[in-house]
Every structure is written in structure tokens, then in C-alpha cells.
Amino acid sequence: MPATLPRNDDLAEQLELLADLSEILGEESFRVLAYRRAAARIRETPGPVAELALAGKARELPGIGRTIEQKVVEAVQEGEMRALSKRRALVPPGVVDFLRLPGVGPKTAARIWTELGITTLEGLEAAARERRLRNLSGLGPRSEEKILAALAEGAGRRAPAEERALLGRALPAVQRVVEELAAHPAAIAVSEAGSVRRRRETVRDLDLVATSNEPRALIAAFCEAPWVAEIVARGETKATIVDHQGLRFDLRVVAPECFGNVLQHFTGSKEHNVALREEAQRRGLSISEYGVTIVDTGEVVTHASEEELYTYLGYQPIPPELRENAGELEAARRGELPALVELGDLRGELHAHSTWSADGKATIEELARAAKARGLSYLCVTDHSHYLRDGRLEAQWEEIESLEARLGRFRVLRGVEVNIRADGSLDLGDDVLSELDWVVASLHSALDRNPTERVLAAMDNPHVDCIGHLTGRRLLRRPGADIDIERVVERAVETGTALEINSQPDRLDLRDVHARLAGEAGVRIPVTSDAHSTSALAYAELGIAVARRAWLTREQVLNTRPWSHIARPRRR
DNA sequence: TCTAACGCTAGATAACCAACATGTTGGTT
């Protein structure tokens with residue numbers, strides 16, 4: 001058996017390839033569906049599925065049964081699932097790449113291979129150039145052109161990198177557009193929808209749903225707004241535009257009586273909707289974006305709001321952030337949804353950088369006043385440790401002390417963000433750490449060198465209060481350290497160490513599924529901005545979104561408490 | 001292939017548009 005277990009994304013890739021090959025071979029579509037669902041489930045599981053499978057526990061995950069669990073075990077023991085090896089031997093390797101070309105699905109890919117004998121992208125390109133593809137019924141000149149254009153852009157060789165935007169960039173843009181459309185006289189109600197409404201960490205298209213008695217006027221206002229750079233599509237009731245930032249907006253205008261149905265449909269997620277509809281099917285109801293059909297009678301019931309729709313179906317209204325088919329439907333059925341934490345619940349900031357850090361843009365006083373203006377009652381200054389050597393830490397404490405008198409009822413706390421070195425040691429000594437109110441320890445470099453062990457070592461230091469941005473990922477740029485989240489959570493509980501949700505738009509680290517795991521285990525979780533300027537304190541909204549996606553309540557988020565309930569006795 | 005129901009079997013989300021070509025593909029949640 002190999003020393004290292006395959007990662008969840010390796011397993012998911014094998015299942016996805018198995019699904020593609022099975023589809024090309026014309027196997028049962030539901031088996032293909034099952035492979036794809038299992039792949040998605042494995043990708044979203046925080047702990048190592050390979051380990052679960054070895055223990056016979058992978059089948060406890062929804063969508064994974066005896067057979068797929070066995071395939072995972074094979075992947076562990078033999079490197080590859082047997083079903084996959086078998087099908088790979090049947091289909092030339094290049095044929096799978098055809099699926100990523102526009103206009104080519106499994107049936108067409110199979111026919112290109114079996115009827116034209118083409119098995120590589122190069123061969124396909126030559127055939128398209130020589131106008132031989134059009135000999136295949138179902139393909140014509142347009143298809144040849146599109147395939148050539150896609151090949152010229154390098155499609156097929158790798159899945160095209162989706163153009164995604166950070167939530168931190170998309171959210172303010174969407175909120176602005178919603179506000180603008182809502183103010184239009186033709187608008188009755190306007191709402192964000194889609195993944196941005198669910199507060200996914202990155203988003204692609206930005207969905208909007210509106211009701212109006214004059215759809216045309218609202219569509220016109222949308223398409224002719226000054227911030228629109230390009231109108232991609234414009235119809236009677238829907239339109240797609242791209243703004244000057246390159247963000248793509250979809251607007252749908254519908255009648256008020258079915259606003260709830262449409263909004264629910266377009267908020268998704270797809271997985272949530274599938275599960276919702278499957279369950280409804282069992283009870284004789286058919287759900288679509290147009291309403292709920294009672295199958296026996298054919299009667300269609302519509303809902304003006306999502307609350308009415310969920311209530312009609314027998315659920316508590318489900319907050320958009322939870323709609324990922326991750327247990328929310330079952331909980332809502334039982335009436336056991338958590339009361340999710342809100343931005344207004346935050347009482348203090350536990351991770352912020354001032355001009356004492358080279359990259360900080362605001363003084364401690366500016367940060368403190370901005371935090372106070374946001375309704376907070378304390379701010380912990382956590383500048384980087386390496387800027388605070390040689391007596392500068394003591395100098396900073398003097399500044400904090402002189403400041404407190406001027407700020408009135410607001411506390412500024414002495415903190416630091418220490419670096420966890422490659423060998424797991426911290427870059428400040430215990431003598432200094434023991435003097436501080438709050439110590440954040442973070443990985444900043446050598447993310448591939450034993451990251452889990454280093455984090456565990458940092459947590460074992462009694463002076464460390466919190467681990468900063470656990471994996472060190474930068475969204476859309478680098479994946480972050482491969483941290484064993486379950487071991488870290490376990491140690492965090494044992495040692496009482498907090499794990500922050502860092503709200504920087506490109507971090508959001510802990511990520512949602514990790515934060516949920518930590519929350520369930522009882523870890524103390526602060527939502528922090530990691531601000532380097534006064535305006536960046538507002539990033540807390542993004543961290544709260546992650547916390548909500550992690551099912552966290554106010555009680556589970558540490559800095560919803562006053563400082564007196566957080567502070568640990570210090571040996572001063 | 002999974003799940004729920006009950007030992008083998010049924011059902012698997014829904015509905016639209018659009019393109020290219022006359023059904024398949026792709027895109028949307």
C-alpha cells in the first residue's frame with residue numbers, strides 16, 4: 001500500500017474520468033450520474049475519504065454506497081480504480097478530451113472516434129480543417145468552425161479556467177446594482193440571487209431577480225445604465241450585461257405572484273434544488289421555477305416569497321448561505337435550523353495591522369476610532385512580530401496606553417501575529433508572548449513543509465491564543481497548505497486554541513466546511529478582518545458570510561463576546 | 001450506482017432557450 005493516501009481531489013478526478021469514459025461507452029446514464037455525484041461529494045468532504053473507505057465508513061456519506069466505497073479502496077491499494085483502468089483500455093486517451101470542445105458531447109465524441117477513426121485533438125483539428133467532420137451527420141460547417149476556434153484557444157487540453165471573481169469584489173457591485181434597480185419606478189421588488197446571494201467565496205455570473213409590471217422598462221434601465229460596458233443578451237424579460245470591471249450580470253424580471261418560486265430557483269444551489277425537488281416528488285409535488293404542481297390534480301401553486309414557499313413545502317425558511325444540500329433540508333424539516341450569527345453581533349476585532357507593520361496604512365488610533373465607529377468595543381492590534389523586535393513592542397505598548405485615555409469607552413489590546421517557522425517554532429520567545437493580551441500564530445512561508453505538524457506545535461504553546469488563516473491559501477492564486485483539519489480541530493479543542501475565520505477577500509480561511517467542522521467540535525472561532533487599513537475593517541462582512549455558511553451561531557463566534565469574557569489570565 | 005423500501009425493484013429535478021442541424025448539445029439554478 002502506498003505510504004500516502006490519495007487526496008479527495010485525486011479520488012474525485014478518477015470518478016469524473018470514469019463517468020466521462022462510461023458516458024462515451026454509452027453506459028447507463030444513472031450510473032454516470034452516480035459517479036459524478038459521488039465525485040462532488042468527495043470533493044466537498046473535509047476529511048480524507050480514502051481513510052474513511054479503508055475503515056468501511058465512506059458509505060456513510062450520502063451518494064456513496066458499497067460499490068463506490070470499494071472503488072475508493074482500490075484507488076488506495078492499487079493507485080487506480082479497476083473500473084477506470086478497464087475503461088481506459090477501451091477508449092483511446094485523447095477521446096475524453098473531445099468532451100471539452102463546444103458542441104461535442106459523449107455521443108458525438110464516440111462517433112468521431114468510431115466512425116471517423118479520430119483519437120487525438122491533433123487528428124480532430126486536421127479533420128476539421130479538411131472539412132471532413134461535416135461528413136458525420138449531426139455535425140456541419142458551423143461545428144467545424146467552433147471546434148477549430150476552441151482548439152486555437154487551447155480548449156480541450158485542459159478544462160478552461162473559469163473566470164471567477166472574489167466575493168469581496170462581486171458583493172459590493174451586486175449590492176449597488178440591486179439598490180439602483182430597486183429605486184427605479186418600474187420595480188416592485190429586486191433581489192440578488194445565485195451564488196453571490198449564497199455568499200460563495202468566489203462567483204462567476206451575478207444573478208438578479210426582479211418583479212415589475214413593466215418588465216421592458218426595467219430591462220431598459222438595466223441595459224442602459226452608465227456602468228454597462230457590453231450588452232450580451234437582451235430579451236423581453238431577461239438580459240445579460242458585462243460591467244466595466246468585467247463582472248457579468250443576469251437580470252430576470254417576473255410577475256410578483258411567483259417571485260418566491262423564481263427567487264428560490266435562481267438562488268440555488270443546484271444541489272439544494274435537486275434534493276428539494278426529489279423530496280417533493282416523493283410527496284406528489286413537482287417543483288419548478290414557475291410554481292409547485294400538485295401532481296394528482298395538476299394544480300399549480302405559486303408563492304410571492306421564499307418564506308411562503310418553504311413553509312408550504314413543510315420546511316423552516318432556509319437562509320441562502322445554507323442551501324448547499326449539506327443537511328439543511330433535513331434540519332429545516334425538523335425545525336432545527338441554527339440562528340445564524342450576524343454582522344451586528346460582533347463586539348470586537350481580534351486581528352488588525354497598524355503602521356507598525358510595514359504594510360499597514362492606518363495608525364493604531366485611526367484603526368481604533370474606525371472600529372469604534374463600526375460599533376465595536378475593543379480592537380486588538382496584532383502587528384507582525386518581525387517589525388516589533390529590539391524594544392519596538394514595548395514602544396507600541398506605550399502608544400496604546402497613552403491612546404486609551406483619549407478613546408473613552410473603548411479598549412485597545414496588545415496583540416501580535418507571530419510567524420510559525422518552517423521548523424514549527426515561533427519567531428518570538430515565550431517571555432515576550434506571555435506579556436501579551438492575544439497572540440495569533442500563522443503560517444506565512446514553506447506551506448508545503450509539514451504544515452499540520454507546525455500548526456499543532458504552535459497550538460501546544462500555552463501563549464498562543466489563536467491560529468491565523470489556517471491554510472494560508474490565496475483564492476484564485478494558490479491552494480494553500482494541505483492541512484489535516486481533523487487533527488487541528490481536535491488539538492484546538494484540547495488546548496483551547498481559537499481558529500480564526502480570516503475575512504480578507506482572497507483568504508476566507510478557515511473556509512466554510514472547515515469552520516463548520518470546527519464549530520461542531522466546539523472550537524472558539526473569532527471572525528477577524530486582518531485589516532491593514534481602516535476601510536478593511538468592513539471585510540468582516542465576508543467572514544460573517546463564511547461563518548453563516550458554516551452554520552455558526554452568535555454563541556460560537558468568539559468575538560461576539562465582550563473582551564472580559566475572552567481574556568485569559570496573564571502572568572504579567 | 002445509490003436510496004428507499006423490503007427483497008427484488010423502481011426512480012433518479014425541472015423547464016426553458018438557443019444553436020446547429022433535424023436530435024444532440026450546452027447553458028441556467
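Heavy atoms only: backbone and side chains are in, while hydrogens, waters and symmetry mates are out. In what follows, every chain begins at residue 1, and chains take the letters A, B, ... in the order their sequences are listed. In this text the structure is predicted, and so the values were computed from the model without any measurement.
For the salt bridge (charged side-chain N to carboxylate O under 4.0 Å, His left out) criterion with A:Glu16, the lone passing option out of A:Arg100, A:Arg37, A:Arg43 is A:Arg43.
Residue A:Tyr290 has its side chain nearest to B:dA15 when only B:dA15, B:dT1, B:dT25 are considered. Comparing atom distances between the A:Pro106 side chain and each of B:dT25, B:dA15, B:dC2 picks out B:dT25 as nearest. Closest approach to the A:Lys146 side chain among B:dC20, B:dT1, B:dT22 is made by B:dC20 (side chain taken as heavy atoms from C-beta onward). Taking every side-chain heavy atom of A:Ser137 into account, B:dT22 is the closest of B:dT29, B:dT22, B:dT25. Listed candidates were B:dA21, B:dT24, B:dA15. Nearest to the side chain of A:Ser143 is B:dA21. Side-chain atoms of A:Pro141 lie closest to B:dA21 of the nucleotides B:dC2, B:dA21, B:dA15.
At least one side-chain heavy atom of A:Leu337 sits less than 4.5 Å from a side-chain heavy atom of A:Pro319. With a 4.5 Å cut-off on side-chain heavy atoms, A:Glu230 and A:Arg248 do not count as touching. At a threshold of 4.5 Å between non-hydrogen side-chain atoms, the residues A:Glu201 and A:Leu167 do not count as touching.
Residue A:Arg59 is the one, among A:Arg59 and A:Arg142, whose nearest nucleotide of DNA chain B lies closer to the 5' end (criterion: closest heavy atom). Each of A:Pro62 and A:Ser288 has a nearest nucleotide on DNA chain B; the 5'-most of these lies closest to A:Pro62.
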### Task
Apply side-chain hydrogen bond (donor to acceptor under 3.5 Å, both in side chains) to A:Arg164 and A:Thr202, showing your working.
CA-CA 6 Å; A:Arg164 299 189 74 88; A:Thr202 60; 2.9 Å; yes

### Query
After noting the C-alpha distance and the side-chain angles of A:Ile231 and A:Ile241, does the key distance pass the side chain to side chain contact (heavy atoms under 4.5 Å, CB included) rule?
CA-CA 4 Å; A:Ile231 300 172; A:Ile241 63 95; 4.2 Å; yes

### Worked verdict on A:Glu80 versus A:Ser85 for side-chain hydrogen bond (donor to acceptor under 3.5 Å, both in side chains)
CA-CA 7 Å; A:Glu80 184 166 288; A:Ser85 312; 2.9 Å; yes

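One P atom belongs to B:dT22, the other to B:dG26, and the distance between them is 16 Å to the nearest Å. For B:dA18 and B:dA12, the C1' atoms lie 27 Å apart once the distance is rounded to whole Å. With P as the reference atom, B:dT9 and B:dC16 are 35 Å apart, rounded to whole Å. Spacing of P atoms, B:dA10 relative to B:dA15, comes out at 24 Å, to the nearest Å. Distance check on atom P: B:dA21 versus B:dT25 gives 13 Å, rounded to whole Å. Nucleotides B:dG7 and B:dT3 have their C1' atoms positioned 14 Å apart, rounded to a whole Å. Comparing B:dC6 with B:dG11, their P atoms sit 13 Å apart, to the nearest whole Å.
Of the charged side-chain nitrogens involved, at least one lies within less than 4.0 Å of a carboxylate oxygen, so that A:Glu69 and A:Arg59 count as a salt-bridged pair.
In this model, the phosphate group of B:dT28 is approached by a side-chain N or O of A:Arg204 to a distance below 4.0 Å at OP1 or OP2. Look at A:Thr67 and you'll find a side-chain N or O under 4.0 angstrom from OP1 or OP2 of B:dC2.
Protein atom CD of A:Gln70 is 11 Å distant from nucleotide atom P of B:dC2, rounded to whole Å. Atom pair A:Asn273:CG and B:dA15:C1' shows a separation of 12 Å (rounding to whole Å applied). We find that CG of A:Leu139 is positioned 13 Å from C1' of B:dT22, with the value rounded to whole Å. Between the C1' atom of B:dG27 and the NZ atom of A:Lys270 lies a distance of 11 Å, rounded to the nearest Å. Atom CG in A:Asn325 sits about 14 Å away from atom C1' in B:dT29, given to the nearest Å. Computed from coordinates, the A:Met81 CE to B:dT1 P distance equals 12 Å when rounded to whole Å. Rounded to whole angstrom, the span from the CD atom of A:Glu60 across to the P atom of B:dT3 amounts to 11 Å. As a whole-Å value, the separation of A:Glu23 CD from B:dT24 P is 13 Å.
Heavy atoms of A:Lys107 sit under 4.0 angstrom from primed sugar atoms or phosphate atoms, though from no base atom. Counting non-hydrogen atoms under 4.0 angstrom, A:Thr108 reaches the backbone sugars and phosphates but no base. No contact: A:Lys238 has no heavy atom under 4.0 Å from any strand. As judged by a 4.0 angstrom heavy-atom cut-off over every strand, A:Leu276 is placed among residues making no nucleic acid contact. Using a 4.0 Å heavy-atom cutoff across all strands shown, A:Val32 reaches no nucleic acid atom at all. Counting any heavy atom pair closer than 4.0 Å across all strands shown, A:Arg41 reaches no nucleic acid atom.
Looking at every heavy atom in both residues, A:Glu144 comes nearest to A:Ala127 through OE2-O, 4.5 Å. Closest of all the heavy-atom pairs between A:Pro256 and A:Ile188 is CG-CD1, 3.8 Å.
Taking the side-chain hydrogen bond (donor to acceptor under 3.5 Å, both in side chains) definition, one finds that A:Asn273 meets it with A:Gln264, sequence neighbours left out.
Paired runs in DNA chain B that reach 3 or more consecutive Watson-Crick or G-U pairs, where each pair keeps both distances under 3.5 Å, cover B:1-4 with B:9-12, B:14-20 with B:23-29.
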### Query
Could you run down nucleotides 7-12 of chain B 5' to 3' and tag each one B, S or - for protein heavy-atom contact under 4.0 Å?
-----B

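For residues 508-517 of chain A, the side-chain hydrogen bond (donor to acceptor under 3.5 Å, both in side chains) pairs, not counting sequence neighbours, are A:Thr471-A:Asp509, A:Asp512-A:Arg549, A:Arg516-A:Glu520. Within the structure, every pair that satisfies the ring pair (Phe, Tyr, Trp, His ring centres under 6.0 Å) test and touches residues 215-237 of chain A, not counting sequence neighbours, is listed here: A:Trp227-A:Phe249.
If you check residues 249-267 of chain A against DNA chain B, the residues with a heavy atom closer than 4.0 Å are A:His265, A:Phe266, A:Thr267, listed by number.
If you take CG on A:Leu206 and CZ on A:Arg197, they are separated by 14.5 Å, rounding to the nearest 0.5 Å.
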